[in-house]
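Fair warning: this is a prediction, and the values are worked out from it, not measured in the lab.
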Amino acid sequence: MKNVIFIAPPAAGKGTQSQKLHEKYKYIHISTGDILRKAIKDKTQLGLQVKEIMSQGHFVSDDIMIALIKDTLTDINKPFILDGFPRTISQAKALTQIFNDLNIKDYCVIYLDVKEDIAMKRSLGRLVCPECNKTYNKYFSNLKPKVPNICDKCNSELISRSDDNEKSFKKRFENYLNEISSIIEYYKSLNILKEINAEKSDEEIFCDIIKELNEG
């Protein structure tokens with residue numbers, strides 16, 4: 001199976017699809033957050049720099065993130081999903097160079113496309129079980145819990161995320177669009193961008209992803 005770079009706006013279902021790929025095909029899910037936490041925990045040279053930067057409330061620079069991504073991918077020998085990187089056009093170009101340096105050729109960029117109104121409905125209606133992390137949605141009949149606000153799996157009371165409100169969502173979606181447009185054009189120019197309609201059911205989206213991964 002091809003390695004995957006996921007590009008998706010908030011509430012497009014990237015997390016769900018990543019989990020499905022992991023469960024069925026044993027993909028390694030690599031997120032920038034996990035990389036940063038591991039580097040800090042392992043007390044690597046880069047990790048110590050990251051800890052100092054984050055303790056001061058600053059963002060980790062592109063140079064450090066690129067170095068961490070390269071270190072992580074160097075040790076990977078299974079199909080992987082890259083989640084949360086690249087976020088800028090400079091990161092995208094640096095990632096292409098990393099793949100060239102590590103001789104990673106079998107990959108594609110999957111863009112999960114969803115309209116803002118649908119993504120917002122998913123986000124604002126999202127309910128999460130704090131015990132087993134199973135997710136539901138109060139606005140979609142096929143995603144509602146059997147008993148209102150109670151997890152089907154472990155009977156715990158469901159909660160909403162604190163940032164799942166209309167103002168916060170619109171800001172996140174706007175920021176995403178501003179950041180991602182140049183990256184999408186960049187990957188289109190390399191002929192490796194696969195656009196998938198993320199307004200379908202989870203199962204349909206997953207089938208579309210598998211179809212793209214099996215092509216070529």
Side-chain angles (χ1 to χ4, degrees), residues 4-22 27 29-34 36 59-60 62 65 81-93 95 107-130 133-145 148-149 158-213:
V4 178
I5 302 171
F6 264 136
I7 296 177
K14 180 178 61 176
T16 297
Q17 299 304 325
S18 294
Q19 183 63 28
K20 284 178 174 292
L21 285 170
H22 169 70
Y27 268 79
H29 185 197
I30 304 170
S31 75
T32 51
D34 290 342
L36 291 172
F59 290 109
V60 178
D62 277 2
M65 279 308 310
I81 300 163
L82 196 52
D83 176 2
F85 190 95
R87 290 187 182 276
T88 64
I89 188 62
S90 61
Q91 289 181 358
K93 292 179 178 179
L95 184 60
Y107 69 96
C108 69
V109 180
I110 294 180
Y111 172 44
L112 299 178
D113 189 18
V114 61
K115 294 184 183 69
E116 181 179 359
D117 59 334
I118 293 176
M120 184 165 65
K121 192 173 181 181
R122 288 178 179 174
S123 180
L124 300 188
R126 181 162 45 197
L127 298 169
V128 182
C129 176
N133 293 319
K134 184 174 174 59
T135 60
Y136 302 85
N137 196 294
K138 60 186 177 184
Y139 295 135
F140 297 92
S141 58
N142 61 319
L143 297 176
K144 290 181 179 179
N149 295 317
L158 303 176
I159 60 174
S160 298
R161 282 178 22 176
S162 60
D163 61 343
D164 279 345
N165 59 73
E166 185 171 343
K167 182 179 179 180
S168 174
F169 177 83
K170 286 188 173 182
K171 185 63 176 177
R172 284 188 288 141
F173 204 92
E174 180 184 358
N175 289 340
Y176 161 82
L177 292 179
N178 290 337
E179 292 174 353
I180 214 67
S181 58
S182 58
I183 297 176
I184 289 173
E185 291 306 313
Y186 172 69
Y187 283 126
K188 278 184 178 179
S189 72
L190 297 181
N191 199 32
I192 55 174
L193 184 77
K194 309 293 185 181
E195 296 189 42
I196 289 179
N197 180 0
E199 296 175 6
K200 303 178 181 180
S201 70
D202 291 343
E203 291 72 22
E204 289 174 313
I205 296 169
F206 187 63
C207 288
D208 288 344
I209 290 173
I210 297 307
K211 181 180 178 180
E212 293 291 356
L213 294 179

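Expressed to the nearest 0.5 Å, how far CG of Asp34 lies from CD1 of Ile30 amounts to 9.5 Å. Remark: Ile209 CD1 to Cys108 SG distance equals 9.0 Å, nearest 0.5 Å. To the nearest 0.5 Å, the span separating CZ on Arg126 from CG on Leu143 amounts to 11.5 Å. Interatomic distance, Phe173 CZ to Ser168 OG, rounded to the nearest 0.5 Å: 13.5 Å. Interatomic distance, Lys93 NZ to Ser182 OG, rounded to the nearest 0.5 Å: 8.5 Å. Atom-to-atom distance recorded for Ile81:CD1 and Lys20:NZ is 12.5 Å, nearest 0.5 angstrom.
Scanning all heavy atoms of the two residues, the minimum distance from Leu112 to Ala198 falls at CB-CB, 3.9 Å. For the residue pair Leu36 and Val60, the shortest heavy atom distance occurs at CD2-CG2, 4.1 Å.
Note that Lys134 lies in the cation-pi zone of Tyr136, set by a 6.0 Å cut-off to the ring centre and a 45° limit from the axis.
Proximity of Ile210 to Leu21: side-chain heavy atoms (C-beta onward) are separated by under 4.5 Å at one or more points. Inter-residue side-chain proximity for Tyr139 and Arg122 is flagged as unmet; no heavy-atom pair is nearer than 4.5 Å. The shortest side-chain heavy-atom distance between Asn149 and Lys138 does not fall under the 4.5 Å cut-off. Taking the side chain as every heavy atom from C-beta outward, Tyr27 and Val4 approach each other to under 4.5 Å. For the pair Leu177/Glu174, no side-chain contact is recorded, criterion being any heavy-atom separation below 4.5 Å from C-beta on. Side chains of Ser160 and Leu127 form a contact here, defined as non-hydrogen atoms less than 4.5 Å apart.
Asp208 and Lys200 are joined by a salt bridge, as a carboxylate oxygen and a charged side-chain nitrogen come within less than 4.0 angstrom of each other. By the 4.0 Å N-to-carboxylate-O rule, Glu166 lies close enough to Lys170 to be salt-bridged with it. A salt bridge is defined here as a Lys NZ or Arg NE, NH1 or NH2 lying under 4.0 Å from an Asp or Glu carboxylate O, and Glu195 with Lys188 meets this definition.
Without hydrogens or angle criteria, Glu179 side chain to Tyr176 main chain gives no donor-acceptor distance under 3.5 Å.
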**OP:** Give the intermediate values and the outcome of side chain to side chain contact (heavy atoms under 4.5 Å, CB included) for residues Lys171 and Asn175.
**Re:** CA-CA 6 Å; Lys171 185 63 176 177; Asn175 289 340; 3.9 Å; yes
Show me the donor-acceptor pairs, under 3.5 Å and distance only, between side chains in residues 6-19 and residues at least two apart or in other chains.
from  : atom 1 : to     : atom 2 : distance (Å)
Lys14 : NZ     : Asp83  : OD1    : 2.8
Gln17 : NE2    : Asp202 : O      : 3.2
Ser18 : OG     : Lys14  : O      : 2.9
Gln19 : NE2    : Glu23  : OE2    : 2.9

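Each of Ile183, Val109, Ile110, Ile192 was scored for a side-chain contact (heavy atoms from CB on, under 4.5 Å) with Ile5, with one residue passing: Val109.
In this view, Tyr186 satisfies the ring pair (Phe, Tyr, Trp, His ring centres under 6.0 Å) rule with no residue, not counting sequence neighbours. Applying the side chain to side chain contact (heavy atoms under 4.5 Å, CB included) test to Asp113 and every residue at least two apart in sequence or in another chain returns Tyr111.
Other residues, nucleotides and ligands contribute only 12 or fewer heavy atoms inside 6.0 Å of the CG atom of Asn191.
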